[in-house]
Asks: 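One structure, pasted below without further comment.
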Number of protein chains: 2
Amino acid sequence: MTANPFRDHDHAHCIADALTSAEAYCAAHKLQFTPVRHRVLEILLTKHRAMGAYDILSQLAAEGLGSQPPVVYRALDFLTRHGFVHKIERLNAFIACALPGAAHTPAFMICRACHAVAETPTDRPGVGLGAAAQEAGFEIEETVIEAEGLCPTCRKTAPRTEGPAA
Amino acid sequence: MTANPFRDHDHAHCIADALTSAEAYCAAHKLQFTPVRHRVLEILLTKHRAMGAYDILSQLAAEGLGSQPPVVYRALDFLTRHGFVHKIERLNAFIACALPGAAHTPAFMICRACHAVAETPTDRPGVGLGAAAQEAGFEIEETVIEAEGLCPTCRKTAPRTEGPAA
DNA sequence: AAACGAAACGTTATTCCATATCAAGACCTC
DNA sequence: GAGGTCTTGATATGGAATAACGTTTCGTTT
């Protein structure tokens with residue numbers, strides 16, 4: 001468990017880990033971990049930030065791996081369906097899962113200054129509104145939890161403005 | 001407190017209430033509750049569903065109140081800044097605030113079948129991830145909480161499929 | 001009342017996000 | 001090796017959001 005998801009870590013290792021685990025998962029489930037899917041996940045793991053679909057796409061295109069939006073959206077769809085990638089609704093962007101294997105009801109902390117995104121697990125699905133849902137008779141299937149604010153680093157350097165510091 | 005936000009209610013009354021309260025708030029804070037802003041809020045209150053910006057825009061256009069995207073986006077920006085309207089990130093859509101005056105850290109329950117959206121208040125900001133944020137040194141400013149699932153009505157009629165039934 | 005500044009609006013155009021659709025190729029199963 | 005499924009390629013389109021520019025409106029100051 002990462003005590004502080006904004007801290008540095010052994011990045012090369014976490015990339016290799018994630019790719020290996022994805023390969024293993026796909027092999028075990030008879031899923032095709034195709035070059036495009038592999039590369040998209042690798043790009044997201046390497047960048048280690050939330051990326052727009054078109055950012056990923058242009059990188060793919062530069063490598064001759066497909067140049068049209070559907071290519072990357074299909075890959076992202078596959079990767080999110082199987083939990084390797086998460087979509088950040090607030091940013092209309094995607095990020096590699098930082099906690100592979102963990103029970104998946106992730107929450108995100110998004111820095112509005114540097115756009116860093118940290119993933120953190122939540123206690124249980126429906127965090128905080130399980131009671132309201134039950135009362136209303138609503139059946140929760142998936143929950144998006146995204147907090148926006150300032151990461152530790154940006155609190156020091158830009159505690160005040162919202163400007164174009166990026 | 002609405003026991004069940006998916007239930008019916010005195011709709012005409014809640015529209016009038018919300019508009020009155022918005023007018024009062026703007027008057028008190030010297031804000032301009034212009035025709036476009038008034039009408040956008042009224043449209044959202046009347047429809048009582050999440051609406052895309054362009055849905056709102058086409059209705060505005062039909063009434064001669066402005067026909068270009070920035071018109072509606074500016075109005076929506078004003079209305080969300082002051083808490084009269086909420087954005088549903090998951091849908092890229094907007095909905096009138098159902099709990100005016102309540103301390104605002106709203107959560108939403110979104111029915112994936114009929115697209116009804118219910119707003120419910122949360123205990124406190126940062127629901128569920130306050131601890132994680134503090135540990136990480138992250139300063140939460142705003143939190144998006146959106147649960148997707150099945151509303152009470154659709155649980156009866158379409159309890160199973162996620163398919164193209166829509 | 002005339003001048004000024006701030007806020008809101010109108011308009012054009014563009015960028016970015018996302019998906020529908022159809023055709024062709026790869027892969028697996030039988 | 002025939003058929004089905006999955007994946008990809010390519011074209012087109014729809015919807016979300018903003019940039020950039022100019023004009024109007026309104027309240028304040030003088």
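Note on naming: letters A, B, ... go to the chains in the order of the sequence lines (proteins, then strands), and numbering restarts at 1 for each one. Remember, predicted model here, so these are calculated numbers, not experimental data.
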Asks: Let me check something: any side-chain donor-acceptor pairs from residues 20-27 of chain B under 3.5 Å, sequence neighbours excluded? List them with distances.
Replies:
| residue | atom | partner | partner atom | Å |
| --- | --- | --- | --- | --- |
| B:Thr20 | OG1 | B:Ala16 | O | 2.7 |
| B:Glu23 | OE2 | B:His38 | NE2 | 3.4 |

Asks: List the steps, then state whether ring pair (Phe, Tyr, Trp, His ring centres under 6.0 Å) holds for B:His86 with B:Phe108.
Replies: CA-CA 10 Å; B:His86 299 296; B:Phe108 300 93; 5.5 Å; yes

Asks: Specify the separation, in whole Å, of atom NE2 of B:His38 and atom P of C:dA8.
Replies: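 The answer, rounded to whole Å, is 17 Å.
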
Asks: Got a sec? Which of residues 80-91 of chain B come in under 4.0 Å of DNA chain C, heavy atoms?
Replies: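 Within this stretch, nothing sits under 4.0 Å of the strand.
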
Asks: Consider the side chain of B:Val36, meaning its heavy atoms from C-beta on, and name the nucleotide among D:dA10, C:dG10, D:dA17 that approaches it most closely.
Replies: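 Nearest listed nucleotide: C:dG10.
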
Asks: Can you name the nearest heavy-atom pair linking B:Val40 to B:Leu76, along with the distance?
Replies: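 That closest heavy-atom pairing would be CG1-CD2, 3.9 Å.
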
Asks: So, A:Glu139 and B:Arg155, do they make that salt bridge, N to O below 4.0 Å?
Replies: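 A salt bridge links A:Glu139 with B:Arg155.
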
Asks: Counting heavy atoms from C-beta on, name the nucleotide in D:dA17, C:dA18, D:dT18 closest to the side chain of B:Asn92.
Replies: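 Among the listed nucleotides, the one closest to the side chain of B:Asn92 is D:dA17.
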
Asks: Between C1' on C:dT15 and OH on B:Tyr73, what's the gap in Å once rounded to a whole number?
Replies: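 Whole-Å distance recorded here is 12 Å.
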
Asks: Do A:Thr105 side-chain atoms and A:Thr122 backbone N/O form a donor-acceptor pair below 3.5 Å?
Replies: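 No, A:Thr105 side chain to A:Thr122 backbone: no donor-acceptor pair under 3.5 Å.
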
Asks: Would the distance check show the side chain of A:Arg112 and the main-chain N or O of A:Leu150 forming a donor-acceptor pair, the cut-off being under 3.5 Å?
Replies: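 Side chain of A:Arg112 to backbone of A:Leu150: no pair is present.
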
Asks: Starting the side chain at C-beta, find the nucleotide from D:dT7, C:dT12, C:dA20 nearest to B:Pro70.
Replies: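 Nearest to the side-chain atoms of B:Pro70, counting from C-beta on, is C:dT12.
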
Asks: To the nearest Å, how far apart are A:Arg37 CZ and D:dC6 P?
Replies: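 Rounding to the nearest Å, CZ of A:Arg37 and P of D:dC6 are 10 Å apart.
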
Asks: Could you check whether A:Arg90 pairs with B:Glu142 (Lys NZ or Arg NE/NH1/NH2 to Asp/Glu carboxylate O, under 4.0 Å)?
Replies: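 Salt bridge present between A:Arg90 and B:Glu142.
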
Asks: Choosing from C:dA18, D:dT11, D:dA17, which nucleotide comes nearest the side chain of A:Phe94?
Replies: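 Ranking C:dA18, D:dT11, D:dA17 by closest atom to the A:Phe94 side chain puts C:dA18 first.
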
Asks: If you assign A:Pro69 and B:Ala75 each to the DNA chain C nucleotide with the nearest heavy atom, which residue ends up on the more 5' nucleotide?
Replies: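 The residue mapped nearer the 5' terminus is B:Ala75.
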
Asks: What is the distance, rounded to the nearest whole Å, between atom CD of A:Gln68 and atom C1' of D:dA10?
Replies: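 These atoms are roughly 6 Å apart.
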
Asks: Considering only C:dC9, D:dA19, D:dG9, which nucleotide approaches the side chain of B:Thr34 most closely?
Replies: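 The answer is C:dC9.
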
Asks: What nucleotide among C:dT19, D:dA17, D:dT8 has an atom nearest to a side-chain atom of B:Tyr54?
Replies: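 That would be D:dA17.
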
Asks: Which pair of heavy atoms, one from B:Leu60 and one from B:Val71, lies closest together, and at what distance?
Replies: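 For B:Leu60 versus B:Val71, the nearest heavy atoms are CD1-CG1, 4.4 Å.
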
Asks: Check for a donor-acceptor pair, side chain of A:Glu148 on one end and backbone N or O of A:Met109 on the other, with a separation under 3.5 Å.
Replies: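 Checking the backbone N and O of A:Met109 against the side chain of A:Glu148, no donor-acceptor pair under 3.5 Å is found.
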
Asks: Are A:Val85 and A:Ile88 connected in the hydrophobic side-chain network, where two residues link if heavy atoms are under 4.5 Å apart?
Replies: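 Unlinked, A:Val85 and A:Ile88 end up in two clusters.
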
Asks: Taking CG from A:Leu57 and P from D:dT8, how many angstroms apart are they, rounded to a whole number?
Replies: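 It is 13 Å, rounded to the nearest whole Å.
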
Asks: Starting at atom CG of A:Leu79, determine the distance to atom C1' of D:dT7, rounded to an integer number of angstrom.
Replies: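 Rounding to the nearest Å, CG of A:Leu79 and C1' of D:dT7 are 14 Å apart.
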
Asks: Could you check how far CZ of B:Phe78 sits from C1' of C:dA8, rounded to whole Å?
Replies: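 B:Phe78 atom CZ is separated from C:dA8 atom C1' by 11 Å.
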
Asks: Generate the contact string for nucleotides 22-30 of chain C. Rules: B means base contact, S means sugar-phosphate contact only, - means no protein heavy atom under 4.0 Å.
Replies: ---------

Asks: Calculate the interatomic distance between A:Leu76 atom CG and C:dC16 atom C1'; express it in whole Å.
Replies: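 Taking CG of A:Leu76 and C1' of C:dC16, I get 15 Å after rounding.
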
